[in-house]
Amino acid sequence: TLTLEPEVGYAFAGIDFTAGSEISIYNDDFVLGDEMPTLDFKAARQIWDGLELYGEVGYDLELEERTDVTIGASFKF
C-alpha cells in the first residue's frame, strides 16, 4: 500500500489552521484517481503550555458531504 498525505498549514492570530488529505496511490494495483479523497480541516489554539483546544471537520469529495465535526482539547504534561 502506498499513500500520499499532503498537508498545508497557516498560523494567524494564535490559531493554527491545517488542511490535508490521504490519497491512495497503490494498493496491490495502481488506484490513483479511482476514488476521490476526503479533505480534512483543523483549527487549533494553544491555551496554556501543554493545553490545546481544536476543531476538526472533513469534506468527502466523492459523496459531496461534510464528515463529522469534532471539537476537543488535548493536553500534555
Side-chain angles (χ1 to χ4, degrees):
T1 301
L2 177 63
T3 58
L4 180 65
E5 295 184 31
E7 183 176 275
V8 63
Y10 183 75
F12 178 73
I15 302 173
D16 296 323
F17 298 95
T18 58
S21 185
E22 183 175 305
I23 302 168
S24 296
I25 297 173
Y26 184 84
N27 190 10
D28 294 330
D29 197 12
F30 186 73
V31 295
L32 181 64
D34 287 354
E35 62 181 50
M36 300 291 285
T38 298
L39 299 176
D40 299 310
F41 302 96
K42 180 179 180 180
R45 179 170 174 98
Q46 188 164 341
I47 303 301
W48 294 299
D49 211 21
L51 176 63
E52 177 183 81
L53 299 179
Y54 64 89
E56 298 176 330
V57 67
Y59 186 78
D60 190 325
L61 294 173
E62 190 157 334
L63 298 176
E64 297 183 350
E65 63 182 29
R66 179 183 49 81
T67 62
D68 292 338
V69 174
T70 304
I71 298 172
S74 66
F75 58 93
K76 299 176 191 172
F77 56 92

Check your understanding: Among the clusters formed by ILVMFWY side chains lying less than 4.5 Å apart, do V57 and M36 turn up in the same one?
Key -> yes
Check your understanding: With ILVMFWY side chains joined below 4.5 Å, transitively, what does L63's cluster contain besides itself?
Key -> none
Check your understanding: Can you name the residues that form a side-chain contact (heavy atoms from CB on, under 4.5 Å) with E56, not counting sequence neighbours?
Key -> K42, Y54, T70
Show every donor-acceptor pair shorter than 3.5 Å between a side-chain atom in residues 2-24 and any protein atom, with sequence neighbours excluded, or say none if there are none.
residue, atom, partner, partner atom, Å
S21, OG, T38, O, 3.0

Check your understanding: Backbone N or O of E52 within a donor-acceptor pair of the Q46 side chain at under 3.5 Å?
Key -> no
**Study point:** Non-neighbouring partners of E64 that pass side-chain contact (heavy atoms from CB on, under 4.5 Å), sequence neighbours left out
**Key:** Y59
Revision key, fill the gap. Apart from F77 itself, members of its ILVMFWY cluster (side-chain separation under 4.5 Å) are I47, W48, L51, L53, F75
